[in-house]
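So that the names make sense, note that chain A is the first sequence line, chain B the second, and so on, each numbered from 1.
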Protein chains: 2
Amino acid sequence: MSDSAKAFQTDEQFNQRLHTSGFRFTPQRQHVYNVLMETRDHPTADQVFIRSREGMPEISMATVYNCLDALVKSGLVRQVSLDRAATRYCPNMTEHCHFHCTDCGKIFDIDLDDKPSVPEAKLPRGFKPEQIEVSMRGHCPDKGCSGHSRN
Amino acid sequence: MSDSAKAFQTDEQFNQRLHTSGFRFTPQRQHVYNVLMETRDHPTADQVFIRSREGMPEISMATVYNCLDALVKSGLVRQVSLDRAATRYCPNMTEHCHFHCTDCGKIFDIDLDDKPSVPEAKLPRGFKPEQIEVSMRGHCPDKGCSGHSRN
DNA sequence: CTATCTATTTAGAATAATTCTAATTATTGA
DNA sequence: TCAATAATTAGAATTATTCTAAATAGATAG
Ligand SMILES: [Mn+2]
Ligand SMILES: [Mn+2]
Ligand SMILES: [Zn+2]
Ligand SMILES: [Zn+2]
């Protein structure tokens with residue numbers, strides 16, 4: 001499988017996204033993005049750093065943070081905040097929410113049929129929402145994560 | 001206004017909640033809880049520490065963290081995670097979601113008429129959710145927070 | 001193509017948030 | 001009252017993230 005086949009965004013689309021957000025294309029940004037797309041779990045910046053070094057040994061932690069910032073600001077990657085833990089990164093830009101397993105720590109993408117919409121009436125006058133997010137916490141189906149019952 | 005009138009939970013209810021979660025009652029836990037209930041904004045642990053010292057000068061930062069943990073685990077307080085920023089604490093246990101203003105940083109409680117329910121069908125077999133959360137980000141109505149337009 | 005300007009990368013130091021440690025004190029229950 | 005256990009405290013330690021200043025690379029004008 002070629003690199004370009006793996007990525008959802010073509011190089012041109014990727015480049016375009018960066019540019020319209022005022023960023024330049026750099027091999028580091030492309031590489032960090034590819035690393036995220038390769039294994040579509042939800043790694044921490046540190047894990048992205050470790051994985052990125054495999055194909056690009058000179059990359060630095062600061063650059064990984066810079067790249068992740070640029071990708072987030074360009075709308076190519078989502079940030080996932082967890083309670084008192086390192087931020088995770090998600091390259092799946094389709095409408096979905098996150099399920100955080102409190103047993104194993106993994107994060108799962110969950111499809112949403114209706115995209116979460118504000119019941120606008122409920123928002124007091126003057127609030128201008130730009131993003132709505134749904135998240136869940138609980139036990140995942142993995143062995144040992146569903147508590148005592150193991151049917 | 002007396003202290004007990006301010007709090008939604010009576011001392012007995014408060015005590016009960018702690019006990020059923022395996023915690024003892026302590027004046028520090030009560031105090032930290034009262035501090036949160038007094039000003040119902042969404043302070044950081046550090047802000048809680050500063051406010052707590054006013055009425056209890058000997059309290060330590062470690063104790064504030066310990067107390068907040070115990071309160072969260074007892075279901076008396078909610079934790080609010082933000083992107084790469086200190087965790088906030090919310091003593092409003094009624095069904096609501098959080099609106100985070102990206103201009104001023106304030107967090108607002110927004111009522112939800114329908115409590116967010118999982119479209120269970122959507123969750124792949126085996127996932128056991130224990131909590132569902134909705135959050136919003138955008139501009140609040142405060143002066144200067146709604147971007148350029150100021151109608 | 002070359003000079004110049006600016007964005008980006010880099011290593012490492014600095015900061016901020018949170019957790020840990022070990023000693024002391026408070027609470028509980030016999 | 002006493003022993004057992006939980007909680008508090010100060011400060012050190014750790015972790016995540018940001019900052020800094022120098023080096024490098026990409027874009028643009030001539
Ligand atoms: Mn995701
Ligand atoms: Mn709240
Ligand atoms: Zn799990
Ligand atoms: Zn605001």
Side-chain angles (χ1 to χ4, degrees), chain A residues 11-12 14-33 35 42-53 55-74 76-77 79-89 105 107, chain B residues 11-12 14-33 35 42-53 55-74 76-77 79-89 105 107:
Chain A
D11 282 6
E12 290 79 40
F14 181 81
N15 206 318
Q16 192 50 222
R17 288 269 194 176
L18 286 175
H19 270 246
T20 57
S21 302
F23 295 108
R24 290 181 181 169
F25 170 92
T26 70
Q28 287 87 347
R29 284 172 181 161
Q30 177 78 75
H31 185 63
V32 164
Y33 182 69
V35 159
H42 296 79
T44 62
D46 200 62
Q47 293 173 312
V48 173
F49 176 49
I50 291 165
R51 295 179 196 175
S52 294
R53 268 193 308 200
M56 190 179 267
E58 349 62 51
I59 199 169
S60 74
M61 188 71 219
T63 297
V64 168
Y65 270 105
N66 289 344
C67 290
L68 289 170
D69 266 6
L71 294 171
V72 167
K73 287 185 180 138
S74 303
L76 289 158
V77 163
Q79 237 172 344
V80 184
S81 297
L82 301 179
D83 286 353
R84 286 152 152 210
T87 300
R88 312 287 199 94
Y89 295 88
I107 292 183
Chain B
D11 282 6
E12 290 78 40
F14 181 82
N15 206 318
Q16 193 50 222
R17 288 270 193 175
L18 286 175
H19 270 245
T20 58
S21 302
F23 295 107
R24 291 179 180 170
F25 171 92
T26 70
Q28 286 87 348
R29 284 171 180 162
Q30 178 79 73
H31 185 63
V32 164
Y33 181 70
V35 160
H42 296 80
T44 62
D46 200 62
Q47 292 173 311
V48 173
F49 176 49
I50 291 165
R51 294 180 196 174
S52 294
R53 268 193 308 200
M56 189 179 268
E58 348 62 49
I59 200 169
S60 74
M61 189 71 220
T63 297
V64 168
Y65 270 105
N66 289 342
C67 290
L68 290 170
D69 265 7
L71 294 170
V72 167
K73 287 186 180 136
S74 303
L76 289 157
V77 163
Q79 237 171 343
V80 185
S81 297
L82 302 178
D83 286 352
R84 286 153 151 209
T87 301
R88 312 287 199 94
Y89 295 88
I107 292 182

Legend entry - Atom pair distance, as rounded to whole Å: CD in B:Glu58 and P in D:dG11: 15 Å

Legend entry - Whole-Å gap separating P (C:dT8) and CE (A:Met56): 15 Å

Legend entry - nucleotides 15-21 of chain C: protein proximity per nucleotide (B base, S sugar-phosphate only, - neither; heavy atom, under 4.0 Å): --SBBB-

Inset, instruction - Look at the rings of B:Tyr33 and B:Phe14 and say which category their plane angle falls in: under 30° parallel, 30 to 60° tilted, over 60° perpendicular. - result: tilted

Legend entry - B:Asn15 CG to B:Phe25 CZ distance, which is reported to the nearest 0.5 Å: 6.5 Å

Legend entry - Side chains of A:Thr63 and A:Met56 in contact at under 4.5 Å (non-hydrogen atoms): no

Inset, instruction - I would like to know whether B:Ile107 and B:Leu82 meet side-chain contact (heavy atoms from CB on, under 4.5 Å); could you show each step before the answer? - result: CA-CA 10 Å; B:Ile107 292 182; B:Leu82 302 178; 3.9 Å; yes

Inset, instruction - Report yes if some heavy atom in the side chain of B:Cys67 is under 4.5 Å from a heavy atom in the side chain of B:Gln28; otherwise report no. - result: yes

Inset, instruction - Check the distance between C:dA26's P and B:Ile59's CD1 and give it to me in whole angstrom. - result: 14 Å

Inset, instruction - Please check if the side chain of B:Arg29 supplies one atom and the backbone of B:Asn66 the other of a donor-acceptor pair under 3.5 Å. - result: no

Legend entry - Touch class at under 4.0 angstrom, heavy-atom based, for A:Phe23 against every strand present: sugar-phosphate

Restricting to nitrogen or oxygen on both sides, can you table the protein-nucleotides 1-4 of chain D pairs closer than 3.5 Å?
none

Inset, instruction - Quickly, which of B:Leu71, B:Val80, B:Leu68 forms a side-chain contact (heavy atoms from CB on, under 4.5 Å) with B:Tyr89? Name it, please. - result: B:Leu68

Inset, instruction - Starting at atom CG of B:Asn66, determine the distance to atom P of C:dT27, rounded to an integer number of angstrom. - result: 16 Å

Legend entry - Any side-chain heavy-atom pair of A:Val32 and A:Ile59 under 4.5 Å: yes

Legend entry - Rounded distance in Å - CD1 (A:Ile50) to C1' (D:dT15): 14 Å

Inset, instruction - Would you kindly give the CD-to-C1' distance between A:Gln30 and D:dA25, to the nearest whole Å? - result: 17 Å

Inset, instruction - Round to a whole Å and report the spacing from CZ of A:Phe49 to C1' of C:dT9. - result: 13 Å

Legend entry - Spacing of A:Asn15 atom CG relative to D:dG26 atom P, expressed in whole Å: 12 Å

Legend entry - Phosphate OP1/OP2 of D:dA25: any A:Gln28 side-chain N/O under 4.0 Å: no

Inset, instruction - Quick one: do A:Asp46 and A:Met61 satisfy side-chain contact (heavy atoms from CB on, under 4.5 Å)? Show the steps, please. - result: CA-CA 8 Å; A:Asp46 200 62; A:Met61 188 71 219; 4.1 Å; yes

Inset, instruction - Could you check whether B:Thr63 gets within reach of a base, just the sugar-phosphate, or nothing at all, counting any heavy atom under 4.0 Å? - result: base

